[in-house]
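Step one of this worksheet: look at the structure below.
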Protein chains: 2
Amino acid sequence: MLKIVILGFLSYRPQTGYELKQNIDHSTKYFWSAKQSQIYRTLKQLEKNGLLVSTIEPQEDRPDRRVYTITEAGMKEFTEWLEKPIMDAQYLRDSLLVKVFFSAYSEKEDILTQLRLQHSLAHTEYIRLSEELKQGLTENQANLPDSPLFNNTFLLWENVRQFGEMYYEMVQKWLEQTIQSIEENYIEEKME
Amino acid sequence: MLKIVILGFLSYRPQTGYELKQNIDHSTKYFWSAKQSQIYRTLKQLEKNGLLVSTIEPQEDRPDRRVYTITEAGMKEFTEWLEKPIMDAQYLRDSLLVKVFFSAYSEKEDILTQLRLQHSLAHTEYIRLSEELKQGLTENQANLPDSPLFNNTFLLWENVRQFGEMYYEMVQKWLEQTIQSIEENYIEEKME
DNA sequence: TATAACATGTAACTAGTTACATGATTGG
DNA sequence: CCAATCATGTAACTAGTTACATGTTATA
């Protein structure tokens, strides 16, 4: 999947691993994140398979940049993935839910503290992401030419942004009602 | 993380790999899923590290069962994980959002078909999971003794179930509004 | 007669995380 | 002077997926 994300960003314009990391952190991060080391490794692999080519741009006062460009084969791989429908339901992978699920061994106040912490983390994270998404959008606005492709891109990005907004709102609401439910009904008692 | 899920289920009662797979599929699946092969591999590893022990129960008309029991060290590892707060925000990993994000290269009808398909998949999946969760709850109700621990467990499971419900409702709402937004605003035009 | 449920596992591959490693420039 | 930004990468480890492999019994 990271391959697709990388091919997707490179379909807009050639970029370095460093720039790809910024792009991911400012836009796809909340639904597909990646570590720097994995980005570089995947770039190398994609180049080996002929989906990308790289050239080194020497710089005087900074380290040289390795700029990756998507090839025709890469573009083909990418559009073929786009055309192939996703046939299965998406599942979450959320360690907080695992923790709540098994927390009957924990004390009431510890669970509540954990839930309140996540409430505050999610809030901070949402503010940060909204700003970075806006920033990412305007940055890319400067780099993409005005066209139907451009207009459609922004329409889709706005819808994806809304998913993030709705998701964070839902999570906050769930945290609030769960905190209340535990405050009212969790039986406080040393179990071991 | 799968380690924790396995230790958690084994903290209730000894179980085989096969039973663990059923348990996961009927309860934690939508927030932490695992394939059969990975469950067996993780069990082996946990036993090697002394967190579990296994005994073979011979059966006459069926293959023998390898029943895993959590050790004191395993219980310690598990409760230590429970006590350690999760300090970072949770991110999604959703290939549908990746697809929508990059779909400006696709034709209007193809995107709409994909979104409508996901709407129907999520619906079916939600119905299935609700039933399996109910089933999983009653099964475990039969196996856990009635106590404060038991009552707290069911309170927490009900809250986790509600997360699933709210999540699926949110996704459906987002799919509907996104379909509408694309129907109304996506510019239909051959781009290449 | 076919398939679902019971039951266990391995092999090969793909993906992701953590930690290490280097080094210049700019701004506070 | 310290932290941030720019810039690239490797090594070791951990986790997850796909496919292969075997075999019985009950039920529809």
Side-chain angles (χ1 to χ4, degrees), chain A residues 1-6 14-26 28-29 31-49 51 54-68 77 81 87-88 90-93 95 98 132 135 139, chain B residues 1-6 14-26 28-29 31-49 51-52 54-68 77 81 87-88 90-95 98 132 135 139:
Chain A
M1 200 61 226
L2 181 58
K3 281 181 204 166
I4 295 298
V5 174
I6 288 175
Q15 286 171 71
T16 66
Y18 192 82
E19 286 174 290
L20 283 166
K21 172 69 175 148
Q22 309 308 96
N23 266 315
I24 289 171
D25 282 351
H26 292 162
T28 61
K29 185 180 180 180
F31 57 91
W32 209 280
S33 63
K35 307 274 158 155
Q36 174 256 94
S37 63
Q38 207 200 336
I39 293 172
Y40 282 106
R41 187 144 45 76
T42 306
L43 282 168
K44 200 174 276 185
Q45 200 200 315
L46 287 168
E47 185 170 31
K48 206 184 75 189
N49 297 337
L51 307 181
S54 71
T55 48
I56 291 172
E57 266 184 24
Q59 296 195 123
E60 268 155 40
D61 42 1
R62 307 249 157 157
D64 292 351
R65 294 151 48 89
R66 180 179 289 272
V67 182
Y68 287 90
E77 180 98 357
W81 179 82
M87 297 302 285
D88 34 43
Q90 305 285 307
Y91 291 108
L92 298 170
R93 201 146 268 256
S95 52
V98 173
E132 285 181 353
Q135 203 195 315
E139 267 167 32
Chain B
M1 199 62 226
L2 181 58
K3 282 182 205 169
I4 294 297
V5 173
I6 288 176
Q15 287 172 70
T16 65
Y18 191 82
E19 286 174 289
L20 283 166
K21 173 68 176 150
Q22 309 308 95
N23 266 314
I24 288 170
D25 282 351
H26 292 161
T28 61
K29 186 181 179 179
F31 58 91
W32 209 279
S33 64
K35 306 275 157 154
Q36 175 256 91
S37 63
Q38 207 201 334
I39 292 173
Y40 282 105
R41 188 144 43 77
T42 306
L43 282 168
K44 198 174 276 184
Q45 200 201 317
L46 287 169
E47 186 169 31
K48 208 184 75 191
N49 298 338
L51 308 181
L52 303 177
S54 72
T55 48
I56 290 172
E57 265 185 24
Q59 295 196 123
E60 267 155 41
D61 42 0
R62 308 248 158 156
D64 293 351
R65 294 152 48 88
R66 181 179 289 272
V67 182
Y68 287 91
E77 181 97 357
W81 180 81
M87 299 301 286
D88 35 43
Q90 304 285 307
Y91 291 108
L92 299 170
R93 200 149 268 257
D94 189 317
S95 52
V98 173
E132 285 181 352
Q135 201 195 317
E139 267 167 31

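Since the structure is predicted, the reported quantities are computational estimates derived from the model, not experimental observations. Order of the sequence lines sets the chain letters (A, B, ...), proteins ahead of strands, with each chain counted from 1.
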Grab the CD-P distance between Gln22(B) and dA4(C) for me, whole Å please. 14 Å

Rounded distance (Å) that lies between atom C1' of dA15(D) and atom CD1 of Ile4(B): 14 Å

Whole-Å distance, Tyr18(B) OH to dA5(C) P, equals 7 Å

Please give, in whole Å, the distance from dT14(D) P to Leu43(B) CG? 17 Å

Mind checking side-chain hydrogen bond (donor to acceptor under 3.5 Å, both in side chains) for Arg41(A) and listing every partner two or more places apart, or none if nothing turns up? none

Five pairs at each end of the helix from dT1(C)-dA28(D) to dG28(C)-dC1(D): take the axis at both ends and give me the angle between them to 10°. 50°

Assuming nearest nucleotide by heavy-atom distance, tell me which of Gly17(B) and Met1(A) is located more 5' along DNA chain C. Gly17(B)

Send over the distance from Gln45(B) CD to dG9(C) P, rounded to a whole Å. 15 Å

Heavy-atom closest contact (Leu2(B) atom, Trp32(B) atom, distance): N-NE1, 4.1 Å

Applying salt bridge (charged side-chain N to carboxylate O under 4.0 Å, His left out) to Lys3(B) and not counting sequence neighbours gives none

Got a sec, which residues hit side-chain hydrogen bond (donor to acceptor under 3.5 Å, both in side chains) with Gln45(A), two or more places apart in sequence or on another chain? none

OP1 or OP2 of dT8(C) under 4.0 Å from side-chain N/O of Arg66(B): no

Please state how far atom OH in Tyr68(A) lies from atom P in dT8(D), giving the value in whole angstrom units. 8 Å

Are side-chain heavy atoms of Ile6(A) and Ile39(A) found at a separation under 4.5 Å? yes

Heteroatom pairs (N/O) under 3.5 angstrom, protein to nucleotides 10-12 of chain C:
unit_1, atom_1, unit_2, atom_2, d
dT10(C), OP1, Lys44(B), NZ, 2.6
dT10(C), OP2, Lys44(B), NZ, 2.3

Without decimals, in angstroms, what is the distance between Gln38(B) CD and dG16(D) P? 4 Å

List the residues meeting salt bridge (charged side-chain N to carboxylate O under 4.0 Å, His left out) with Lys21(B), not counting sequence neighbours, and say none if there are none. Asp25(B)

Nearest whole Å is fine: how far is dA4(D) C1' from Lys21(A) NZ? 16 Å

Taking only residues two or more places apart in sequence or in another chain, which ones pass side-chain hydrogen bond (donor to acceptor under 3.5 Å, both in side chains) with Glu132(B)? Arg128(B)

Touch class at under 4.0 angstrom, heavy-atom based, for Lys3(B) against every strand present: sugar-phosphate

Checking Arg65(A) now: which residues fulfil salt bridge (charged side-chain N to carboxylate O under 4.0 Å, His left out) with it, not counting sequence neighbours? Glu19(A), Glu57(A)

Applying side-chain hydrogen bond (donor to acceptor under 3.5 Å, both in side chains) to Ser37(B) and not counting sequence neighbours gives none

